[in-house]
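Computed from a prediction, not measured in an experiment: that's the story for all the values here.
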Amino acid sequence: MSEASRGLGLVIREQHKALTWLHMDAGRIRALATVRTSNRALGHWSTKAHALGLSLFDLLTDPRLVAEHLGDLNQVYARTTSPLIQTLWRNKAVLGIEAHLRLAELKATIARDRVGRGGNELQTPVIPSRIYCAMLGKWIAGLDIIEAELGILLDAYRQSMTASRDAPADGSRGQRSFYRAKALEVFVERMKDLGHELAPHVSFDRFIAGRLNAHQSQLMHVVMAFTGMRMGEAKILPLRNAVDFINDGGRQVHLVNGYTHKLNKGVKKPTSWVTSPEGARAIRLAQQIAGSILQEVSGGDPATDTKALLFPSTKNPYKAKSPRTLYNHQFRLVERDQILVTQEDIDELDRLELERAWDRAGIVVGKPWPLAFHQLRRSLSVYAHRSGMVSLPALKAQLQHITDEMRRYYSDGYSKAVNLVFDPEHFSHEWNAAKAESSYFGYVMGMLFSDESLLGRGAELMGQTVTSRTPQETLKLFSDGKLAYKETVLGGCVATGECKTAPLEPIPFDCLESNCINIVVHAKRLERIIGSQESVVASLQSTEEGSAEHRLEVNHLKVLLRARQKLKEKTA
């Protein structure tokens, strides 16, 4: 690097620090996340300024250059640029800016960029279905790994804490270290047996804390993925009674108990989430870790302590993990799993999210999916409503399980249940709000981009309605309740109101027989069901010919065959 380049870098760095400080010091105290975002946005502008051979202030005061390079930033950093320029303008005398700062022109440039991007970029992206399946599949499989080593790991943690307490207080630092090393020799070897080789420069305490932090991070992601809670709510989940079991028609339902303080002036309010068995299992594993930290650090009792957290710092059972720790371990989780974005994932995002510049959000083919905590909340609300998009059978069954429970507990008619606390920010409201969005996604994937032949008056009605409309206009029809789409075994249903002929069986034979105005049938699904039904009829004919079951299944087969004949006549 030349001397001139190095000197410019120092100037930009000082300008970056000065503007960040003045931005923080303007009026009321800004939230830490806001300060962090502003600092990162300035970091992007600083990098661009250095590449252009300009100072940071020279770049941010030139409307032409700002317009030219604003498109390289994601939506959050682009929006943050406007208040940063406002701070620059207010403090131009203090910062020694001699050029005339054309504030109105700069703000208009940013406003035009915002309009050009469209409002949908403000929303966190839905995780593509393939990546979502792989991600949850790896995390669920990881529970076995955590469970397998947790006993030894917690024994090592307890022994490490005991060795620290028992080391001679009047000895030198070297004597205390030697005592600890001898006391922990057995556990070092046991860690090696599990495949964990300690690096020479890493102490045993740091190694144990690192493993516990990694496990806590993965467990927190599982809990968030199968509840829909926010990161802030996961951070303050209590250790005691974090999960309950209630009976629902003879089945056990897992209920997570915690708090929310979103839009409640920082005051915690009790709330609850329904979760899956995997979510409950993750909580039980996290309780083992948090319970050991509570006992070893403060001598508390996990059964009675009401203040200890479920995901605490490894040094303090009452202190939540720092954002830095959470984001660092999330980054390591992404690096470990290496779920890379493919062009098919981008194509799916394009279909689901209309027009959006994905590379500005860090979503690039060949690179790991840039996971963010809130993506889990939005993806759950969308995919659980339309679990037919999820291709892994085991995961699909899991999501259907959680969908069924949430349907029971989060539906409008059940929202007054006394065993759940529904505040204005509860996930149930986002769950209901996702209906229109998930219906639109189901329509896009099930009809608009399907290469199958479609049968049914519902398919014809939907085609006539949306043929001349843009994707944005179509989405609005779903949001307004004028269109609807939900997946069925045979294809889909476009009914906007309650179904009047809800069948007792998963295959809508009644709808096929009556040629329901809302039915959509996929040709390939119909063929598979016919094949299965023919096997059922053949089996009954050989063992119970003439029985009620045999006659019923024969009638069902006839309904399916007539539907296939109609499809052939339509496509002939």
Quick check: closest heavy atoms across Ile12 and Leu56, and the distance to 0.1 Å? CG1-N, 3.9 Å
Shortest non-hydrogen pair, Tyr318 vs Leu309, comes out as O-CD1, 3.8 Å
Report the C-alpha separation of Asn328 and Thr325 in whole Å, then their side-chain angles, then the decisive distance to 0.1 Å, and conclude whether the side-chain hydrogen bond (donor to acceptor under 3.5 Å, both in side chains) test is met. CA-CA 5 Å; Asn328 281 346; Thr325 299; 6.0 Å; no
Under 3.5 Å, is there a donor-acceptor pair between the side chain of Glu278 and the main chain of Ile140? no
Note: Gly300 and Gln295 closest approach over all heavy atoms is O-CG, 3.4 Å
Checking Asn257 side chain against Asn241 main chain: does a donor-acceptor pair fall under 3.5 Å? yes
Distance only, no hydrogens: is a donor on one side chain within 3.5 Å (strictly under) of an acceptor on the other, for Gln218 and Arg336? yes
If we check side-chain contact (heavy atoms from CB on, under 4.5 Å) with Glu233, which of these qualifies: Met231, Arg230, Lys235? Arg230
Side chains of Ile236 and Phe311, heavy atoms from C-beta outward: is any pair under 4.5 Å? no
Closest non-hydrogen contact found for Ile127 with Ser379 is N-OG, 3.0 Å
Side chain Gln375, main chain Ala372, donor-acceptor under 3.5 Å: yes
Shortest non-hydrogen contact from Ala290 toward Leu310: CB-O, 3.4 Å
Any donor-acceptor pair under 3.5 Å from Lys321 side chain to Pro312 backbone: yes
Given 3.5 Å as the limit, does a donor-acceptor pair link the side chain of Asn91 with the main chain of Leu88, or not? no
Begin with the C-alpha distance, continue with both residues' side-chain angles, and end with the deciding distance and a verdict on side-chain hydrogen bond (donor to acceptor under 3.5 Å, both in side chains) for Trp139 and Asp337. CA-CA 9 Å; Trp139 294 350; Asp337 291 344; 3.2 Å; yes
Set of side chain to side chain donor-acceptor pair (under 3.5 Å) partners for Gln338, sequence neighbours left out: none
Would you say Glu296's side chain and Met161's backbone share a donor-acceptor pair under 3.5 angstrom? no
Side-chain donor-acceptor pair present, Gln159, Asp155, cut-off under 3.5 Å: no
Between the main-chain N or O of Asp301 and the side-chain N or O of Asp305, is there a donor-acceptor pair closer than 3.5 Å? no
Can you tell me if Arg240 uses its side chain to pair, donor with acceptor, with the backbone of Thr306 under 3.5 Å? no
Okay, side chain of Ser298, backbone of Leu294: is any donor-acceptor separation there less than 3.5 Å? yes
Evaluate His16 against Asn39 for side-chain hydrogen bond (donor to acceptor under 3.5 Å, both in side chains), listing each step before the verdict. CA-CA 8 Å; His16 183 161; Asn39 184 56; 2.8 Å; yes
Looking only at non-hydrogen atoms, find the nearest pair between Ser313 and Ile293 and report the distance. O-CG2, 3.8 Å
Answer yes or no: is there a donor N or O on one side and an acceptor on the other, between the side chain of Thr227 and the main chain of Thr275, under 3.5 Å? no
Passes salt bridge (charged side-chain N to carboxylate O under 4.0 Å, His left out), Glu14 versus Lys17? Steps please. CA-CA 5 Å; Glu14 292 304 313; Lys17 289 195 297 183; 3.3 Å; yes
Start with the C-alpha distance between Glu149 and His215, add both sets of side-chain angles, then the distance that settles side-chain hydrogen bond (donor to acceptor under 3.5 Å, both in side chains), and finish with yes or no. CA-CA 10 Å; Glu149 77 168 47; His215 290 341; 2.8 Å; yes
